[in-house]
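Accompanying notes for the structure given below.
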There are 2 protein chains.
Amino acid sequence: MRLRFNGWVYGSAHPRRVDKRTLCSNEATGQIHHVRREQRDPLSIEKHTAENSLIAALPPRCRANVLRSCEQVELQLEEVLCEPGQRIRHVYFPIEGFVSLVAVLDDGGALEVGIIGREGMVGASVILGVDTLADRAVVQCAGAALRMSSASFRRLCARNMALRMRVGLYLYASMAQLAQVAACTGYHVVEARLVRWLLMSRDRAHKNEFHLTHEFLAYMLGVRRVGITEAATALQARGLITYNRGDITILDNAGLEKASCDCYERGNLIYDAAMGLSCARSAR
Amino acid sequence: MRLRFNGWVYGSAHPRRVDKRTLCSNEATGQIHHVRREQRDPLSIEKHTAENSLIAALPPRCRANVLRSCEQVELQLEEVLCEPGQRIRHVYFPIEGFVSLVAVLDDGGALEVGIIGREGMVGASVILGVDTLADRAVVQCAGAALRMSSASFRRLCARNMALRMRVGLYLYASMAQLAQVAACTGYHVVEARLVRWLLMSRDRAHKNEFHLTHEFLAYMLGVRRVGITEAATALQARGLITYNRGDITILDNAGLEKASCDCYERGNLIYDAAMGLSCARSAR
DNA sequence: CGACAGCTGTTCGGTACCGCACATTGCCAG
DNA sequence: CTGGCAATGTGCGGTACCGAACAGCTGTCG
């Protein structure tokens, strides 16, 4: 069985031992249809700036420069911002929604390797001098975001040290988390990984409920849908979550955090260490 | 059972379902003992420059600058260049040997997430403004390398656009490969992953034999030693490799490449695409 | 030469996840 | 109201890998 998400297709689960599979070609090449609002008045945008922490942490003048180049867009659920290897046209600073980075294998396998909410940005690797993204970027939770053409972003970074530093640190944190997630995938059972994933989503959604089908979760974690169903059922039985046709609600945050593998907490530590270091640095 | 590598300890395999494990504290804190040769005369170093492709690709003046700041060291087998989170004091440009990056989990699990030979460098993330490494860097194959203090490296990068660009691209390639490996770990059977690993090592060792015990391989791939033994036995039975007490010899390169998962080839493509892009760029 | 340590091979019971197939439930459009 | 579809639940046999334990085999060192 295969699923379609706004035009792109993926295998339900994947072969651990099947060798090849030819699918995952984007029929109709995932229409990327932004609901582009007209440019807001500066005040309205300014209001939002504090809500992407990457931007918020910039010195005022620099922040103003960044904002001038941004427009606000509404990210659509399951919209694909960029396919792996494709030229990235815009970088995104999520405000409400969040985005997942998904590594795609030739044989149709896929695995989430990063998750980007208002604490970060999509396309940070542009500062490395490339204009492609290594992974597929899928919107996981709809909502507002700021965006900027990658050319503008590169120009701004070239001129602005504070911005470049900040983005660099974020990139480092992303890499560290990527490694962490890789190890986690190999070592921890589906249930623990599911919990980690729910907690990370919660942190980025800033609320205790979000819309996610088992099928989608399975795709993200690289397991069968049934595996998710089993794990989710167990969590529900323990009173940690409830869900109903894709609407998941977290009931017991503390309990969930206990049920998760260390990787959740560790991921947060990694981020704090990297980004906090920047504070120490700029305070010097 | 636990192993000791030059002073640091790791769990033999690891728990897929065990939740915690307290080990992996480095007893005796992995003595890092470089066999530091006295500074060679410039000609001798110059001779080697072409052998690290990152350096070799730099414009002549820039290359000379880099070399002036480098000293040559001999990497010892299983030496730990840097522990995760530790301050990185030197960056390394391997010439003969190669180095693995290993993600370490709290519960003792570990997984190789990158491999660095003469095509790259250890510590590229320094250009992002951090002075720590996210993963453990272990020497996998002894041999010569150039090294430079990370402070010098940062200074050079700040001044030198070509160097910064080149290292940036390399960093991007590393990230892309990391994501690739993460997915591979989740989807492919041990044997295929082992083969991928052997091929990658071969490419970096520039020869068809190297010294690696099953135990070490198991550690790298995050599986039990027995898993490696079984896979290796099968490969040997098929006439693709032979091995004897840690000395592995590749007999049939073509056969091995067929036995590997696509991730091997794909990793190479990723690297070429990223680094080749730089050529196009500088040719402009 | 004998003891020992490091490396490899083998076995065994257990389990997490696989692919596949099918049943159930709730929502929505016609 | 009804048929259809998306989302979820369940059951079954298979397999890749796990932990543990033990049995050679070989080189080294006292």
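Here is the naming used below: chain letters follow the sequence lines, and residue numbers restart at 1 for every chain. The analysis underlying the following values was restricted to heavy atoms, covering all of them including side chains, and did not include hydrogens, waters or symmetry mates.
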*For C:dG6, take OP1 and OP2 only and decide whether either is under 4.0 Å from a side-chain N or O of B:Thr213.*
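No, B:Thr213 has no side-chain N/O under 4.0 Å of OP1/OP2 on C:dG6.
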*Please figure out whether B:Ala232 or A:Asn244 has its closest DNA chain C nucleotide nearer the 5' end.*
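Counting from the 5' end, the first nearest nucleotide belongs to B:Ala232.
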Nearest-angstrom distance from the residue atom [atom1] of [X] to [atom2] of [N]:
{"X": "A:Tyr187", "N": "C:dC17", "atom1": "OH", "atom2": "P", "result": "15 Å"}
{"X": "B:Arg225", "N": "D:dA23", "atom1": "CZ", "atom2": "C1'", "result": "12 Å"}
{"X": "B:Tyr243", "N": "D:dT26", "atom1": "OH", "atom2": "P", "result": "14 Å"}
{"X": "A:Gln236", "N": "D:dG9", "atom1": "CD", "atom2": "P", "result": "7 Å"}
{"X": "A:Arg224", "N": "D:dG9", "atom1": "CZ", "atom2": "P", "result": "14 Å"}
{"X": "A:Leu212", "N": "D:dT8", "atom1": "CG", "atom2": "C1'", "result": "15 Å"}
{"X": "B:Glu215", "N": "C:dG6", "atom1": "CD", "atom2": "P", "result": "11 Å"}
{"X": "B:Asp247", "N": "D:dC25", "atom1": "CG", "atom2": "P", "result": "19 Å"}

*Given that B:Val190 and A:Glu230 both sit by DNA chain D, which one's nearest nucleotide is further toward the 5' end?*
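Of the two residues, A:Glu230 wins.
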*Going by atom types only, do A:Gln236 and A:Thr242 share a side-chain donor-acceptor pair under 3.5 Å?*
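Per modelled atom types, A:Gln236 and A:Thr242 side chains form no pair under 3.5 Å.
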*Under 3.5 Å donor-acceptor pair, B:Arg245 side-chain atoms to D:dG27 base atoms*: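 There is none.
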*Could you tell me whether A:Val226 contacts a base, only the sugar-phosphate backbone, or nothing, with contacts defined as non-hydrogen atoms closer than 4.0 Å?*
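Touches a base.
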*Which is true for A:Gly227 with a 4.0 Å heavy-atom rule: it touches a base, it touches only sugar-phosphate, or it touches nothing?*
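Counting heavy atoms under 4.0 Å across all strands, no contact is made by A:Gly227.
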Under 4.0 Å between a side-chain nitrogen and a carboxylate oxygen: does that hold for [X] and [Y]?
{"X": "A:Arg193", "Y": "A:Glu112", "answer": "no"}
{"X": "A:Glu191", "Y": "A:Arg238", "answer": "yes"}
{"X": "B:Arg136", "Y": "B:Glu83", "answer": "yes"}

*Nearest of C:dT8, D:dG9, C:dC17 to any side-chain atom of A:Val189?*
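The nucleotide sitting nearest to the side chain is C:dC17.
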*Report yes if some heavy atom in the side chain of A:Val99 is under 4.5 Å from a heavy atom in the side chain of A:Ile115; otherwise report no.*
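In short, these two side chains do not touch, never coming nearer than 4.5 Å.
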